[in-house]
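What follows is a set of notes on a single structure, which appears directly below.
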Amino acid sequence: MHASRRQATSRLITAVVLGALVLTGCGGTTEAPAAPSPVAATASAPAAEPADKAPFAGTKQFVTIDKAWAEDGLTKLSVRLAEKKVNTQFDTWEIIPGTGKFVTVTMAKDARVLLTVPMRGDDVPGAGRAEPVSTSQAEFVTLLTQLDSRIREGAGVDLSFDGEGRVTKLQSLYKP
């Protein structure tokens, strides 16, 4: 009887240890660990960094956009870092605007713009509200300018930057 209890206890301890290894990611794998992503959604750009430097070069950032405009054939955005959290009660995102300064970033000429509701409106036939729809940079500037300021302040976008700090992809976050 004691031997069966020891075996059961031993099995339980083994299961707990293996479970802990799986949950923590420890254990013997022959694959190299994934490189950490340079995403820093809550970090802020260094205040002392000169304007000519690219504070977000090579990263992905989640931001809110104050305004967008075209200048010298390029699209410019005034952005501020923000945070996104999952709202499990409504199966949507909660966007927490940042409090730092707005920073001007430039979009690459071939940057992709993917918009969901509320940034693109509901008038896209055949597309669901949460489905990202490809849009030109000029159309994006027009749509953003037409948005009510309260909606614009509560809308967030994921930006991907190249090594020179230009936006290569903008994707708005769906918010009902």
Side-chain angles (χ1 to χ4, degrees), residues 32-86 92-176:
S37 173
V39 175
T42 58
S44 53
E49 184 133 71
D52 61 340
K53 296 234 179 187
F56 304 128
T59 66
K60 292 181 181 179
Q61 301 291 329
F62 182 73
V63 302
T64 55
I65 301 176
D66 180 46
K67 59 185 175 178
W69 67 97
E71 182 179 299
D72 299 326
L74 296 171
T75 303
K76 307 262 184 164
L77 309 172
S78 178
V79 302
R80 176 169 51 197
L81 293 172
E83 187 179 347
K84 61 183 173 181
K85 291 186 178 181
V86 175
T92 186
W93 292 100
E94 179 182 347
I95 298 169
I96 302 156
T99 57
K101 292 182 179 182
F102 281 95
V103 176
T104 300
V105 295
T106 303
M107 295 187 73
K109 287 190 181 230
D110 60 347
R112 294 182 56 206
V113 178
L114 301 168
L115 300 180
T116 59
V117 169
M119 284 203 170
R120 69 167 161 82
D122 284 327
D123 59 351
V124 178
R129 294 171 49 91
E131 183 179 343
V133 174
S134 185
T135 308
S136 71
Q137 292 182 34
E139 179 69 13
F140 167 68
V141 171
T142 301
L143 290 169
L144 188 72
T145 304
Q146 293 173 350
L147 270 182
D148 179 270
S149 63
R150 291 172 296 188
I151 294 173
R152 187 175 55 244
E153 290 167 5
V157 298
D158 286 305
L159 298 179
S160 297
F161 292 87
D162 65 12
E164 296 177 16
R166 292 176 303 214
V167 176
T168 57
K169 181 180 174 188
L170 179 153
Q171 184 165 348
S172 68
L173 201 63
Y174 169 66
K175 195 168 177 195

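The distance from atom CG of Leu144 to atom CD1 of Ile65, rounded to the nearest 0.5 Å, is 5.5 Å. Between atom CG of residue Leu173 and atom CG of residue Leu114 there is a gap of 12.5 Å, rounded to the nearest 0.5 Å. Atom CG of Leu147 and atom OG1 of Thr142 lie 11.5 Å apart (nearest 0.5 Å). Here the straight-line distance linking atom NZ of Lys60 with atom OG of Ser160 works out to 5.0 Å at 0.5 Å rounding. Note: Met119 CE to Ile151 CD1 = 10.5 Å, rounded to the nearest 0.5 Å.
Nearest heavy-atom pair, Tyr174 versus Trp93, reported as atom, atom and distance to 0.1 Å: O-CD1, 4.0 Å. Across Phe102 and Ser78, no two heavy atoms sit closer than the pair CB-OG, 3.3 Å. Considering every non-hydrogen atom in both Ala111 and Val167, the closest pair reads CB-O, 3.3 Å. Of all heavy-atom pairs between Pro97 and Ala82, the closest is CA-CB, 4.0 Å. Nearest heavy atoms, Gly163 versus Ala57: O-CB, 3.3 Å.
You'll find the side chain of Glu131 stays beyond 4.5 Å of the side chain of Thr116, heavy atoms only. A 4.5 Å side-chain heavy-atom check between Arg152 and Arg150 finds every atom pair outside the cut-off. Proximity of Leu115 to Leu143: side-chain heavy atoms (C-beta onward) are separated by under 4.5 Å at one or more points.
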Trace of the side chain to side chain contact (heavy atoms under 4.5 Å, CB included) decision for Val113 with Met107: CA-CA 10 Å; Val113 178; Met107 295 187 73; 3.7 Å; yes

Salt bridge (Lys or Arg N to Asp or Glu O under 4.0 Å) between Asp158 and Lys84, intermediate numbers included: CA-CA 10 Å; Asp158 286 305; Lys84 61 183 173 181; 3.0 Å; yes

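Taking the side chain to side chain donor-acceptor pair (under 3.5 Å) definition, one finds that Arg112 meets it with nothing, sequence neighbours left out. For Phe161, the ring pair (Phe, Tyr, Trp, His ring centres under 6.0 Å) test picks out Phe56, with sequence neighbours left out. Residues passing the side chain to side chain donor-acceptor pair (under 3.5 Å) test with Thr135, sequence neighbours excluded: none. In this view, Arg166 and Asp162, Glu164 satisfy the side chain to side chain donor-acceptor pair (under 3.5 Å) rule, not counting sequence neighbours.
Without hydrogens or angle criteria, Ser172 side chain to Val157 main chain gives no donor-acceptor distance under 3.5 Å. In this structure, Arg80 contributes its side chain and Gly98 its backbone to a donor-acceptor pair below 3.5 Å. A donor-acceptor distance shorter than 3.5 angstrom exists from the side chain of Lys175 to the backbone of Gly154, with no hydrogens or angles considered. The main-chain N or O of Ser134 is never found under 3.5 Å from a side-chain atom of Arg120 such that the two would form a donor-acceptor pair.
Sorted by first and then second residue, the ring pair (Phe, Tyr, Trp, His ring centres under 6.0 Å) pairs involving residues 116-158 (not counting sequence neighbours) form an empty list.
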Please list every donor-acceptor pair under 3.5 Å in which a side-chain atom of residues 69-77 meets a protein atom from a residue at least two apart or in another chain.
| unit_1 | atom_1 | unit_2 | atom_2 | d |
| --- | --- | --- | --- | --- |
| Trp69 | NE1 | Glu71 | OE1 | 3.1 |
| Thr75 | OG1 | Gln137 | OE1 | 2.7 |

